[in-house]
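Following: one structure in structure tokens, then a few remarks.
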Amino acid sequence: MKLNNFINGAWQEDNGADFAPVLNPANGQELAKVRLSTKEDVDGAVAAAKSAQRQWALVPAPKRADYLYEIGRLMKEKKEHLSRVLTKEMGKVIEEARGEVQEGIDMAYYMAGEGRRLVGETVPSELQNKFAMSVRAPIGVVGLITPWNFPVAIATWKSFPALVAGNTFVWKPASETPMMAYEMALIFEEAGLPAGVANIVFGTGAEVGTALIEHPDVRVISFTGSTETGRRVAELGGRHLKKVSLEMGGKNAVIVMDDADLELAVEGILWSAFGTAGQRCTACSRVIVHKDVKEELEQKLLASMEGLTIGDGLDETVKIGPVINRQALEKITRYIAIGQEEGAKLLAGGKVAVEGDLSEGHYMEPTLFTDVKWDSRLAQEEIFGPVVSLITVADLDEAIEVNNSVKYGLSSSIFSQDVNKIFRAQRDLDTGIVYVNAGTTGAEIHLPFGGTKGTGNGHRDSGVAALDVFTEWKSVYVDFSGKLQRAQIDTE
Ligand code: UN1
């Protein structure tokens with residue numbers, strides 16, 4: 001199977017292009033070949049998006065939304081198929097793949113509803129016989145660059161608000177997970193989106209991503225990925241005065257206070273640290289535990305971790321699937337060595353899992369470190385794998401300080417029964433998302449998704465906030481006095 005670009009409502013021909021293999025991380029098997037596109041392919045896609053945009057912007061927003069309702073319906077109809085493709089190319093266990101596809105369906109229906117809102121303001125004017133309002137205007141052609149860890153959900157967080165607001169887009173999916181984008185293109189086609197409204201160009205960040213950011217007709221870049229790449233996107237985008245929305249790394253923590261329900265905390269930690277093999281931006285990577293419950297928590301975590309089966313995510317009984325590729329496995333292994341050199345105590349895991357069929361894929365044992373120093377590299381740097389570090393603290397103040405000591409600020413959580421501690425924590429935790437008595441993952445699409453500090457640059461995905469990325473505010477003044485009225489001057 002060859003994955004070609006979807007441009008102007010049509011599938012590109014091979015035309016002698018280069019292709020790269022798409023591999024299943026569970027067993028190394030080749031699933032497809034994906035086009036390695038060039039700058040010329042990007043130029044073609046942007047030109048198609050540009051010529052479609054004016055017409056699309058003139059379609060009434062509730063009618064644009066009808067396409068999203070249809071896209072949502074098709075995603076629902078194909079949910080099981082999409083989930084299985086997702087598990088095969090990305091590796092997450094099938095139950096989580098179904099959850100991710102559901103997140104996309106939710107986003108379709110939610111943003112379709114925005115077609116009948118796209119709310120602005122009407123406000124009084126300071127002058128007589130004058131009307132003042134603000135409206136959301138589409139921006140034009142937008143560029144979407146999405147990651148492999150949520151290949152469909154994150155794409156919907158960006159593309160659906162862009163569409164309902166009257167923009168057209170060119171989407172570059174991650175090289176590791178082009179099949180979900182291909183499936184979405186089939187859905188866009190079946191839903192009857194006008195040609196050029198949704199365009200997909202496969203390829204590398206260096207070639208396709210750069211061409212998209214530098215293209216003069218692309219007005220917005222919405223990017224999710226590593227902080228390192230995000231910085232380059234912002235630098236290049238800044239040079240070209242682009243509006244750049246960035247969603248980047250995390251080093252998320254669960255705080256467990258001495259009054260916490262420890263059984264519940266263990267469940268929350270396991271789910272958010274080892275789900276998706278730790279490859280969510282929101283994954284729990286640190287547990288900040290009160291000294292009085294540290295040992296009990298360690299014991300309970302160790303006991304529960306024994307139930308975490310590793311294997312191919314298509315097996316319904318498996319809890320931990322593979323990590324995305326060999327480089328990811330090497331990076332995680334490197335951090336385990338760093339942790340040990342730094343004096344952290346390895347309580348469980350720490351090895352690449354190779355028993356039986358596992359040696360064909362990229363599997364990492366769920367790993368637990370304790371006695372981790374809050375300022376060590378293990379506790380400060382993003383690992384993006386099933387590795388969690390316990391850090392002991394004396395009280396809530398110290399817990400919050402340790403939480404906030406990292407350069408990221410995506411998600412945090414506190415387990416406690418004390419309403420005073422909970423409210424202080426939700427105020428003082430410097431992250432874009434805070435959970436109380438739940439792990440660090442599981443954001444719902446109708447709230448803003450994003451983070452502070454090194455996680456983002458002030459924008460948000462999903463929720464109504466996503467519309468801010470894909471619209472310009474236009475303030476409109478209508479003077480019906482029939483005479484010149486000078487604001488700030490003729491106010492008597
Ligand atoms: C991500 O990790 O990049 O909140 C997205 C969650 C999911 C989305 C995660 N709904 O865990």
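The structure displayed is predicted, hence computed values, not measured ones. Just so you know, ligand 1 is whichever comes first in the structure, and atom 1 is the first atom listed for that ligand.
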*Could you give the distance from CG (Asp461) to CD1 (Ile154), rounded to the nearest 0.5 Å?*
7.0 Å
*Inter- and intrachain pairs under ring-ring contact (aromatic ring centres under 6.0 Å, His included), touching residues 400-430, at least two apart*: none
_Checking side chain to side chain contact (heavy atoms under 4.5 Å, CB included) between Pro386 and each of Leu308, Val323, Leu368, which is the one that passes?_
Val323
Ligand 1: protein N/O within less than 3.5 Å of ligand N/O:
from     : atom 1 : to     : atom 2 : distance (Å)
ligand 1 : 2 (O)  : Cys281 : N      : 2.6
ligand 1 : 3 (O)  : Asn149 : ND2    : 3.4
ligand 1 : 4 (O)  : Gly442 : N      : 3.1
ligand 1 : 4 (O)  : Ala443 : N      : 2.7
ligand 1 : 10 (N) : Glu103 : OE1    : 3.1
ligand 1 : 10 (N) : Glu103 : OE2    : 3.0
ligand 1 : 10 (N) : Ala443 : O      : 3.2
ligand 1 : 11 (O) : Arg280 : NH1    : 2.8
ligand 1 : 11 (O) : Thr282 : OG1    : 2.9
ligand 1 : 11 (O) : Gly442 : N      : 3.0

*Within 45° of the axis and under 6.0 Å from the centre of the six-membered ring of Phe470, does NZ or CZ of Lys158 qualify?*
no
*So does Glu77 have more than 12 non-hydrogen atoms from other groups sitting under 6.0 Å from CD?*
yes
_Criterion side chain to side chain contact (heavy atoms under 4.5 Å, CB included) against Leu246, the qualifying member of Asn457, Thr229, Thr224, Thr227_ = Asn457
